[in-house]
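Every heavy atom of this structure was used, including side-chain atoms; hydrogens, water molecules and symmetry mates were not.
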Amino acid sequence: MSKKEISSGTEKAEALTRKKSGVKSQNTESVKSKTPEKKTVKKTVKKSDKPSAPVKQTKKENGASPVKSEKKKVKPAKKLNEKQLKRKEAREQKKIELARIRAEKKQKRLEKRLEAKQKRLDRIAAVREAREERRAKARERRDMLKHESKEARRERIQEERQAKVEAKKAKTEARVAKREAAMADKRAKREHNLKVRAQKRAEKNDKRHAPGFGGWLAAVISLGVTTLALGTMLTFGWINMNGMQTDMADMHTESLYELNSIIDNLDTNLSKARVANSKNDQVRLLSDIAIESEMAETVIERLPLNGQLTENMTSFVNKMGDGAQSMLYSVASGKPLSESQIATIEHMYNVNKEMKQIINELTANANGKDMLAAMSGKTGLLSSSFDTIQNNVIEVPKEINDGPFAENIDKVTAKNLEGLEEITASRAEELAKKYFEDYDVTDAKCTGEVIAEQLTCYNVTLTTGDGEMNAQISKLGGKVVEFNSYKDCTAKNFSVERCIDIAEDFLDELGYDDMEAVWTSENGTTCNLNFVYEEDGVIFYSDMIKVKVCEERGIVTGMEGLSYVLNHVERTAPAARISTAEAREKLHEGFDEEGSRLCVIPVDGNEALCYEFFGTYEGNDYYVYIDAKTGDEVQVFTVIGTAQGKALM
């Protein structure tokens with residue numbers, strides 16, 4: 001080997017020795033110190049050839065990888081545009097307004113509850129006072145009888161008997177006088193009718209002779225035998241037609257006299273019903289009013305008048321009969337007439353009295369020509385008199401007993417279900433179980449199809465642990481249209497306010513959102529509620545759902561949403577052109593307003609934006625609807641039926 005090669009090998013050996021010594025020295029120091037930094041260096045040396053070493057070193061040094069650090073970054077909030085901000089502000093404002101309205105409602109309910117409680121206490125006090133008066137009188141009588149002598153008692157009893165005899169005699173004389181007056185009135189009317197008939201018969205005979213003879217003579221002279229035969233036939237037909245018209249006019253005149261007599265009898269009976277206080281008198285009078293109202297309706301239909309001229313009068317006598325029959329049932333069951341029923345009798349008396357005056361004048365002044373004019377459709381005394389009754393006398397508002405527009409919803413097509421998928425019977429059973437899972441349904445069976453208006457539904461019977469329920473599921477979309485559980489309710493454990501919350505939750509589960517309760521009525525065991533769709537403070541009466549809640553169990557036992565399904569679409573609340581104050585000026589002068597709101601109501605197949613005013617007038621509750629664009633009065637309702645019905649304003 002050369003010197004160069006030996007030097008090179010020696011150098012390599014020395015270098016290797018130094019390298020090993022250095023590594024050993026480093027390892028010894030690492031073990032002794034055991035610091036985290038040395039460990040990191042050691043691991044870095046051992047795995048320096050791996051590409052992931054820098055990443056892991058960063059992880060050890062920084063404590064987390066850059067990737068995971070990026071995942072933990074909070075995303076900036078999405079910036080809302082101006083329209084979305086307005087919507088958000090509107091929603092917040094709406095919540096605030098609803099909270100205020102709820103607070104006001106709660107305050108009003110509390111005030112009404114306190115007022116009702118005070119009235120109840122006043123009634124109890126009055127009953128106690130009356131009881132004390134009766135007891136005082138009884139004590140006085142006992143004291144009197146205790147200290148009364150036999151002679152004084154005999155005289156007192158004789159005087160009482162004599163007073164009863166005289167009272168009975170006076171009553172009999174009054175009854176006889178009344179009967180004689182009625183008979184005299186009937187005789188006078190009969191004589192008047194006979195005179196009218198005799199006069200008309202004479203006029204008819206005069207008309208028969210003159211033109212018939214003249215026509216026959218002209219035919220003989222001018223046309224000969226053939227024309228004579230034709231002329232005789234035509235003349236005979238004309239005479240018969242004229243006679244038939246006269247006979248018909250006589251029949252209609254008799255109907256008018258009959259109507260006059262019925263209206264007079266109604267006036268008498270209504271006048272007595274205003275002051276009658278005994279059960280027997282009320283039953284007799286209300287029975288006569290119900291019968292005479294039905295007779296009047298029949299006679300009005302026989303008159304030769306356009307139905308538009310008698311529409312209000314027919315409606316009035318019809319409702320008068322229904323009202324009398326309803327009161328009759330109430331009295332027969334032992335209940336006294338309520339203040340509302342007494343006010344109704346007063347209203348019927350006043351309207352009938354005005355009708356009586358007009359019909360009496362008509363009967364006294366009308367003649368055969370007026371009746372013939374009415375038969376031919378011409379304007380005359382008969383038509384003008386009934387036109388006065390139609391437009392000036394009878395202003396009977398429509399009546400409601402279960403909420404405004406509850407039975408007057410325009411039902412056209414299933415707008416709410418347009419474009420939805422048609423489901424099968426088995427799918428309807430599945431949906432029914434899902435909708436009513438809180439009722440412990442064990443089985444659901446489709447029993448067929450049913451058609452309501454223009455909507456086809458599956459009829460599904462649901463079996464539960466305590467009976468059966470029935471639901472109608474729409475074939476389009478699988479919506480619950482109607483539901484009944486037939487569960488008995490015999491007690492009141494839940495308040496009306498709680499029943500409203502239960503009904504709202506039930507509708508939310510069925511997918512009916514944004515519903516507002518507008519009417520409630522309850523009988524102590526069941527609460528009936530009317531819900532309508534609400535958008536931006538405007539309620540839509542066309543989109544109505546009725547819900548029945550058991551006040552004993554606190555569950556919904558019935559629901560009917562046909563009007564909602566047939567009418568509801570995505571809506572936008574319209575804007576009013578006049579203010580509430582301007583609309584309020586259109587109300588009747590004596591109308592006592594208790595609340596108002598904007599609403600959309602069905603009118604003649606269309607919808608109109610109106611101000612709804614609820615209040616009282618002369619003891620009766622009314623709803624008045626003023627068009628929010630024109631200021632015209634569109635509709636008036638008066639509340640009848642159950643006294644527990646309440647509007648939720």
Does the side chain of Tyr541 pick up a donor-acceptor pair with the side chain of Glu607 at under 3.5 Å? no
I'd like to check Val538 versus Leu609 (side-chain heavy atoms, cut-off strictly below 4.5 Å). Are they in contact? yes
Output yes when Glu92 and Lys88 qualify as a salt bridge under the 4.0 Å nitrogen-oxygen rule, no when they do not. no
For Glu504, enumerate each residue passing the side-chain hydrogen bond (donor to acceptor under 3.5 Å, both in side chains) test, keeping only those at least two apart in sequence or located in another chain. none
Are Thr447 and Val460 close enough that some pair of their side-chain heavy atoms sits under 4.5 Å apart? no
How long is the straight-line distance from OG1 of Thr525 back to CZ of Arg553, given to the nearest 0.5 Å? 11.5 Å
Indicate yes or no: does Arg91 engage Glu97 in a salt bridge with an N to O separation below 4.0 Å. no
Taking disulfide bond (SG atoms under 2.5 Å apart) as the test, write out the residues that go with Cys489, two or more places apart. Cys550
With sequence neighbours excluded, what pairs up with Thr630 under the side-chain hydrogen bond (donor to acceptor under 3.5 Å, both in side chains) test? Asp632
What I want to check is whether the side chains of Asn265 and Asp288 have a donor and an acceptor closer together than 3.5 Å. no
Does the pair Glu449/Lys475 count as a salt bridge with the N-to-O cut at 4.0 Å? yes
Is the shortest side-chain heavy-atom distance between Val549 and Phe494 below 4.5 Å? no
Do any side-chain atoms of residues 420-427 form donor-acceptor pairs under 3.5 angstrom with protein atoms, and if so which ones, sequence neighbours left out?
unit_1, atom_1, unit_2, atom_2, d
Thr424, OG1, Ser426, OG, 3.1
Thr424, OG1, Arg427, N, 3.3
Arg427, NH1, Glu430, OE1, 3.2

Approximate separation, where rounding is to 0.5 Å, of Lys106 NZ and Glu111 CD: 13.0 Å
From Glu534, Glu89, Glu535, residue fulfilling salt bridge (Lys or Arg N to Asp or Glu O under 4.0 Å) relative to Lys94: Glu534
Contacts under 3.5 angstrom, residues 431-441 side chains, donor-acceptor by atom type, not counting sequence neighbours:
unit_1, atom_1, unit_2, atom_2, d
Tyr435, OH, Gly478, O, 2.8
Tyr439, OH, Val556, O, 2.7

Ring centres of Tyr564 and Tyr512 under 6.0 Å apart? yes
Quick check: do Met515 and Ile545 have side-chain heavy atoms less than 4.5 Å from each other? yes
I'd like to check the disulfide bond (SG atoms under 2.5 Å apart) partners of Cys599; sequence neighbours left out, ordered by chain and number. none
Kindly indicate whether the side chain of Leu562, heavy atoms from C-beta on, has any atom under 4.5 Å from the side chain of Glu482. no
Is the ring pair Trp519/Tyr623 parallel, tilted or perpendicular, if the boundaries are 30 and 60 degrees? tilted
